[in-house]
Protein chains: 2
Amino acid sequence: MENDVVAKLLSELGHSTRLSVFRLLVKAGPNGLPVGEVQQRLAIAGPTLSHHLHRLIGVGLVRQYREGRTLYCVAQLDPLREVVGFLDRECCTLS
Amino acid sequence: MENDVVAKLLSELGHSTRLSVFRLLVKAGPNGLPVGEVQQRLAIAGPTLSHHLHRLIGVGLVRQYREGRTLYCVAQLDPLREVVGFLDRECCTLS
DNA sequence: CGCATGTTTCGATAATTGTAGAAATATAAA
DNA sequence: TTTATATTTCTACAATTATCGAAACATGCG
């Protein structure tokens, strides 16, 4: 794993609103949640949520799918699993 | 663990220079490295490194001790271990 | 079509962050 | 005590980020 890639993912997840969004989506399971429901549950303004969602999407932590007018968001675990594994291996034991 | 505490640590580690510094210190082991050596190895300007070191210190990821004129930096693993454990438990399996 | 709902883009603003030169501080050595 | 070395603080500036109202876009319904 590239240092910069790891840093980038950590910085995207390292924002309290984005971390809350991601955790909510993890809890929501494989179907995810509509944007509007995330917005309501976390009490964030629409444009603000949209901004954060796109940053999470940008590093592959979230995917979206549409059903009618409703856009669902689903947490993607693989990128975070890789980073957590990396940190565990490289940063959790002093050499 | 508080959401905000986790987010804060992730954001501090989520910067490529700081991540490099931390990884270097992890590799350096329990004695750590002098600030000057970190600076040289990563080719960073003094004030810039000092800034980043203090941010790492601020979230408990680094500690320093002095020996004569030389200030050593040592990686502190516990906070990261906690966060990695948290992420592993809360964010690596869809409910 | 015209309207309602869900979400995004635009645009502006405030706040935070990263960077590094110059000057200051700390410690030790000559 | 002068000088050298190690590091930080001060300061300023550029860049990025977070926020959200208003307007626009997307989709489906009557």
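Labels below follow one simple rule: chain letters A, B, ... track the order of the sequence lines, proteins then strands, and each chain is numbered from 1.
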Atom pairs and distances, donor-acceptor, side-chain atoms in residues 39-46 of chain B, under 3.5 Å, two or more places apart:
| residue | atom | partner | partner atom | Å |
| --- | --- | --- | --- | --- |
| B:Arg41 | NE | B:Glu37 | OE2 | 3.3 |
| B:Arg41 | NH2 | B:Glu37 | OE2 | 3.0 |

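- In terms of heavy atoms, B:Leu10 sits closest to A:Gly14 at CB-CA, 3.7 Å.
- For the contact set between residues 9-22 of chain B and DNA chain D, defined by any heavy atom under 4.0 Å, there are no members.
- Within the model, atoms CG of A:Leu53 and CG of A:Leu61 stand 11.5 Å from one another, a figure rounded to the nearest 0.5 Å.
- Evaluation of the salt bridge (charged side-chain N to carboxylate O under 4.0 Å, His left out) test over residues 59-79 of chain B, restricted to residues two or more places apart or in two chains, returns B:Asp78-B:Arg81.
- If you take CG on A:Leu87 and CG on B:Leu13, they are separated by 6.5 Å, rounding to the nearest 0.5 Å.
- The list of side chain to side chain donor-acceptor pair (under 3.5 Å) pairs with a residue in residues 48-62 of chain B, not counting sequence neighbours, reads B:Glu12-B:Arg55, B:Arg18-B:His52.
- Only A:Ala45, A:Pro47, A:Thr48, A:His51, A:His52, A:Arg55, listed by number, bring a heavy atom of residues 28-62 of chain A to less than 4.0 angstrom from any atom of DNA chain D.
- For DNA chain C, the contact window with chain A, defined by any atom under 4.0 Å from a protein heavy atom, covers C:dA4 to C:dT9 in 5' to 3' order.
- Evaluation of the ring-ring contact (aromatic ring centres under 6.0 Å, His included) rule for A:Phe86 yields no partner, not counting sequence neighbours.
- Put simply, chain A comes within 4.0 Å of DNA chain D, heavy atom to any atom, from D:dT17 to D:dG28, going 5' to 3'.
- Among residues at least two apart or in separate chains, there is no ring pair (Phe, Tyr, Trp, His ring centres under 6.0 Å) pair with a member in residues 30-50 of chain B.
- Between B:Leu19 and A:Ala7, the shortest heavy-atom distance links the atoms CD2-N, 3.7 Å.
- From one end of the helix from C:dC1-D:dG30 to C:dA30-D:dT1 to the other, with five pairs defining each end axis, the axis direction shifts by 10° (rounded to 10°).
- For the atom pair OG of A:Ser16 and CG of B:Asn3, the computed distance is 6.0 Å after rounding to the nearest 0.5 Å.
- Minimum interatomic distance between B:Pro79 and B:Gly60 (heavy atoms only, all atoms of both residues): CG-O, 3.4 Å.
- The list of ring pair (Phe, Tyr, Trp, His ring centres under 6.0 Å) pairs with a residue in residues 24-50 of chain B, not counting sequence neighbours, is empty.
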Enumerate, atom names and distances included, each donor-acceptor pair closer than 3.5 Å involving a side-chain atom of residues 25-35 of chain A, sequence neighbours excluded.
none

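- Hydrophobic clustering (ILVMFWY, side-chain heavy atoms < 4.5 Å, transitive): A:Val59 and A:Ile57 are in one cluster.
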